[in-house]
Structures are given as structure tokens and as C-alpha cells.
Amino acid sequence: RVQMVESGGDSVQVGGSLRLSCTTSGLTFPDYSMAWFRQAPGKEREGVSCISRSGTIVYYADSAKGRFTISRDNSKDTLYLQMNSLKPEDTAMYYCARARTAYCLSWSDSNEYNYWGQGTQVTVSS
């Protein structure tokens, strides 16, 4: 049975930091790239970052570059997203997703992912 559970979302002030986690089981986690997406109210889901199965290839949305860091621990089947210098526009539900491939191909296209978590809410207030 596949399980993906995000945690770490919270309400923070502008400039604050959060670390999101996505614990998984039943996914053969080490064999696939993983990503974080987010969706704000009234907006489409957008890709935030992707990491290849080995962790050697990472991609970020322009909005995340320099502030967010994606990482993974294949021994724990867990994905992370360190978010620093948070802004109000980062407010969204954040989802982890398992890709269909190992190398973040077309990483920002949600159709490239076949397993999703339920999401964790991040709220940034000024």
C-alpha cells in the first residue's frame, strides 16, 4: 500500500523558515525522482522543486531559487524541503509527489507524477 504523508507546514511570519517532510512507504522511493508542488487558493498547482533518485540533480522554480532546498534520505524513504526567507506569496498547500521516472524529466508537469500526498499547509503573514 502506498503512503505519502507531508508534515511541517505551519503559520509563520515573513522572513521565517520551515522544513517540510514527506514520509513514504510502498513507493520504491530510491528508484524515482521526487518533487514538491504547491497550490494557492484560486491558482493552479505549480512545481516548486524536483530531485533525482540519487539526489545529484535538482531543479527549482524561479520563485524558489536561492531560498528553498530540496533533499532526500533514501535510507528513510523521506523527502524534505527547507524553506527560508518565506514570503506571503509562498502561502499555499504543499504536496510531495513521486515521479514516473528517475531524472526529473519535464519536472514541473504534474502529469509526470503518479503518486501524491495529501498536502501540508504553509501560511506566511506579514
Original post:
Is any side-chain heavy atom of S63 closer than 4.5 Å to a side-chain heavy atom of R38?
Top reply: yes
**OP:** Kindly confirm or rule out a cation-pi arrangement of R19 over Y80, judged by NZ or CZ under 6.0 Å from the six-membered ring centre and within 45° of its axis?
**Re:** yes
**OP:** Measure the shortest side-chain to side-chain distance between T28 and R98 over non-hydrogen atoms and say whether it is less than 4.5 angstrom.
**Re:** yes
Subject >> Nearest heavy-atom neighbours spanning W36 and L81 >> reply: NE1-CB, 3.4 Å
Original post:
Are any of the side-chain nitrogens in D90 or K87 under 4.0 Å away from the carboxylate oxygens of its partner?
Top reply: no
**OP:** Compare every heavy atom of D77 with every heavy atom of T24, then report the nearest pair and how far apart it is.
**Re:** OG1-O, 2.8 Å
**OP:** Return the minimal non-hydrogen interatomic distance between R53 and Y103, and the atom names on each side.
**Re:** NH2-OH, 3.3 Å
Original post:
Do the non-hydrogen side-chain atoms of F29 and M34 ever get within less than 4.5 Å of each other?
Top reply: yes
Original post:
Y115 and Y32: ring-ring contact (aromatic ring centres under 6.0 Å, His included), yes or no, with the steps?
Top reply: CA-CA 11 Å; Y115 292 103; Y32 295 91; 8.5 Å; no
Subject >> Heavy-atom closest pair, residues N84 and S17 >> reply: OD1-OG, 3.0 Å
**OP:** Give the C-alpha distance, both sets of side-chain angles, the deciding distance and a yes or no for ring-ring contact (aromatic ring centres under 6.0 Å, His included) between W116 and F37.
**Re:** CA-CA 10 Å; W116 294 82; F37 281 73; 5.0 Å; yes
**OP:** Please name the pair of heavy atoms, one in W107 and one in A61, separated by the smallest distance, quoted to 0.1 Å.
**Re:** CH2-N, 3.6 Å
Original post:
In the single-linkage hydrophobic clustering (I, L, V, M, F, W, Y; side-chain heavy atoms under 4.5 Å), do Y60 and L20 co-cluster?
Top reply: yes
Subject >> Minimal non-hydrogen separation, S52 against S33, with atom names >> reply: CA-CB, 3.8 Å
